[in-house]
2 protein chains.
Amino acid sequence: MTSVFIVDDHPIVVEGLKSVIEKLDGLHISGVAYNAVDTINLLKTVATDVLLLDINLPDISGIDLCKKVRNQFPHIRILGISTFSERSYISRMIAHGAMGYLIKSASAEEISAAVTTIMQGKLYMSLDLEHLLRPSPVIQSGILPNLTKREKEVLQHISEGLTNVQIAEKLFVSPSTIDTHRKNMITKLEVSNTAALIRFAIEHGLIN
Amino acid sequence: MTSVFIVDDHPIVVEGLKSVIEKLDGLHISGVAYNAVDTINLLKTVATDVLLLDINLPDISGIDLCKKVRNQFPHIRILGISTFSERSYISRMIAHGAMGYLIKSASAEEISAAVTTIMQGKLYMSLDLEHLLRPSPVIQSGILPNLTKREKEVLQHISEGLTNVQIAEKLFVSPSTIDTHRKNMITKLEVSNTAALIRFAIEHGLIN
DNA sequence: TAAATTCTCCCCCAAAAAGGGGATTTTTGC
DNA sequence: GCAAAAATCCCCTTTTTGGGGGAGAATTTA
């Protein structure tokens, strides 16, 4: 018997998941919560195998709660749930310890499969094909201006901690040039400084 | 019949995958390549459903090739392969269009399951439980000095592009304090500046 | 070939970060 | 309760970055 704990700020969603899961063999509900604080407190009192965790919570982001739960309850396997299937979310959920991802429109069979899969120690991902066949929601939405080859090269060196002068020496150009590239990237990507630039770049795969 | 194309710079690995896949029902090899350039050229000539793509290629990173293939051949589903199961890799592969992840030590059954799964439009992930149950392979290796709660808080704000002064205002302390935290983190983590700090932090899961 | 883009370099100046140092108060762990 | 760790704050100087601007050479692309 696998015990499942549900976290979602929408009571209707919680009820729906609850009724679906309770009808499934081998699964039972150990508890539910509507926010992060209640989740942490309740998890201390009830034994739970799987945490169904909504990504969009009111008081704290799903990612943060994900980390908290993993730190305090390392045995609990986390299955992220959300209404939409965004690549960036999924990758971040995985990076922060989730064992799987489920869209809210998933069928009872899918939920069952998801729980079974992650209890076997594997990742489970639920996504529709149409979303996946697009290159990336972020990249192809037109928001991301593309950096030039040289800019990416400079960016790479910046992320390694080199200063403009050091990069200039490596690329045999003037420090002013590197400075211009850096500034252009900051403007292009609409970030406030180098720190934010590096973060943006990594999160969008601009850096190796 | 699903056609599989293999990309890996190790011929032994390619041979191994080849022989395993050819024994499986419903799968056949449409081609193999040992580098990125050959991959792009060959994919133009042969019909391929699934691309088995090694993450660590000599001339170009698997991530980059992943993006290239998805742009030029959007119908091809990419299954990343690697010798080790690193969370950061997996999340980045997914963010860049891979439909799944397979460790090289995977059994024939797993390979078959992986191809079948992604042909159904779902993500497939192959990972051992022991790796997943650890917070992060890097963090628990002892190499990483742990940041304090406050330092992480400051780090988070730095990554959002805030300056010392702005962070100080948010946390109701003096800018000097934030400056000290920043310097301490740079020293602790042995990086040269804030850019490198942010990169390090993201790659080690210190930032949300 | 003409137009657009990219790459290159420079100016100014203000702001921020880095690299030293030291020092006090709070919290935390034993 | 005491020691260790964390958090707070300040001094100094130099280096680096950021925000403007302009502008010519090289390379792509239409």
Side-chain angles (χ1 to χ4, degrees), chain A residues 68 71-72 139 142-202 204 206-207, chain B residues 37 40 64 67-68 71-72 139 142-202 204 206-207:
Chain A
K68 272 209 171 62
N71 284 334
Q72 289 186 45
I139 289 168
I143 304 163
L144 185 67
N146 42 356
L147 299 182
T148 67
K149 218 161 110 186
R150 197 58 154 177
E151 284 170 341
K152 281 180 194 163
E153 207 176 348
V154 172
L155 182 57
Q156 186 71 35
H157 288 304
I158 294 175
S159 80
E160 286 158 7
L162 302 185
T163 65
N164 290 338
V165 176
Q166 291 170 324
I167 298 169
E169 280 166 5
K170 280 217 168 197
L171 302 181
F172 305 107
V173 292
S174 153
S176 316
T177 305
I178 306 300
D179 187 54
T180 304
H181 285 313
R182 187 193 291 251
K183 286 172 181 172
N184 284 341
M185 284 188 278
I186 289 175
T187 307
K188 267 190 187 178
L189 301 177
E190 290 171 19
V191 291
S192 54
N193 57 28
T194 302
L197 173 68
I198 295 303
R199 180 178 177 170
F200 183 95
I202 293 176
H204 293 81
L206 269 33
I207 285 173
Chain B
V37 180
I40 298 291
D64 284 355
K67 283 164 71 177
K68 273 208 170 62
N71 284 335
Q72 290 186 44
I139 288 168
I143 306 164
L144 187 67
N146 42 355
L147 300 181
T148 67
K149 217 161 112 186
R150 196 56 154 176
E151 282 171 341
K152 281 181 194 162
E153 206 176 348
V154 171
L155 183 56
Q156 186 71 36
H157 288 305
I158 294 175
S159 81
E160 285 158 8
L162 302 186
T163 65
N164 289 337
V165 176
Q166 291 170 325
I167 299 169
E169 279 166 6
K170 281 218 166 195
L171 302 182
F172 304 107
V173 292
S174 154
S176 315
T177 306
I178 307 299
D179 188 54
T180 304
H181 285 313
R182 188 192 289 253
K183 286 172 181 173
N184 284 341
M185 283 189 278
I186 289 174
T187 307
K188 265 189 188 179
L189 302 177
E190 291 172 16
V191 291
S192 54
N193 57 28
T194 302
L197 173 67
I198 295 303
R199 179 178 178 171
F200 183 95
I202 293 177
H204 293 80
L206 269 33
I207 285 173

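Just so it is clear: chains get the letters A, B, ... in the order the sequence lines come, proteins before strands, and each one is counted from 1. Just so it is clear, the structure is predicted and the values come from calculations on it, not from any experiment.
Using a 4.5 Å heavy-atom cutoff, the side chains of B/H181 and B/I167 are not in contact. Between A/L171 and A/R150 there is a side-chain heavy-atom pair separated by less than 4.5 Å. A/I198 is listed as a side-chain neighbour of A/L155, based on a closest heavy-atom distance under 4.5 Å.
Smallest separation of non-hydrogen atoms from A/S174 and A/A168: C-CB, 3.7 Å. Looking at every heavy atom in both residues, B/T194 comes nearest to A/A195 through CG2-CB, 3.8 Å.
Distance, B/L171 CG to D/dT8 P: 8 Å, rounded to whole Å. The distance between atom CD of B/E151 and atom P of D/dT8, rounded to the nearest whole Å, is 10 Å. Computed from coordinates, the B/K188 NZ to D/dA7 C1' distance equals 11 Å when rounded to whole Å. The separation between B/R150 atom CZ and D/dT8 atom C1' is 9 Å, rounded to whole Å. Atom-to-atom, CD1 of B/I158 to C1' of C/dA18 comes out at 12 Å; the value is rounded to the nearest Å. For the pair A/I167 CD1 and C/dC7 P, the computed distance is 15 Å after rounding to whole Å. Atom NZ of B/K152 is separated from atom P of D/dA7 by 10 Å (rounded to the nearest Å). Across the protein-nucleic acid pair, B/I178 atom CD1 and D/dA7 atom P stand 11 Å apart, rounded to whole Å.
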Letter per nucleotide, 5' to 3', of nucleotides 9-19 of chain D [B base touched, S only sugar-phosphate touched, - untouched; heavy atoms, 4.0 Å]: BB-----SSBB
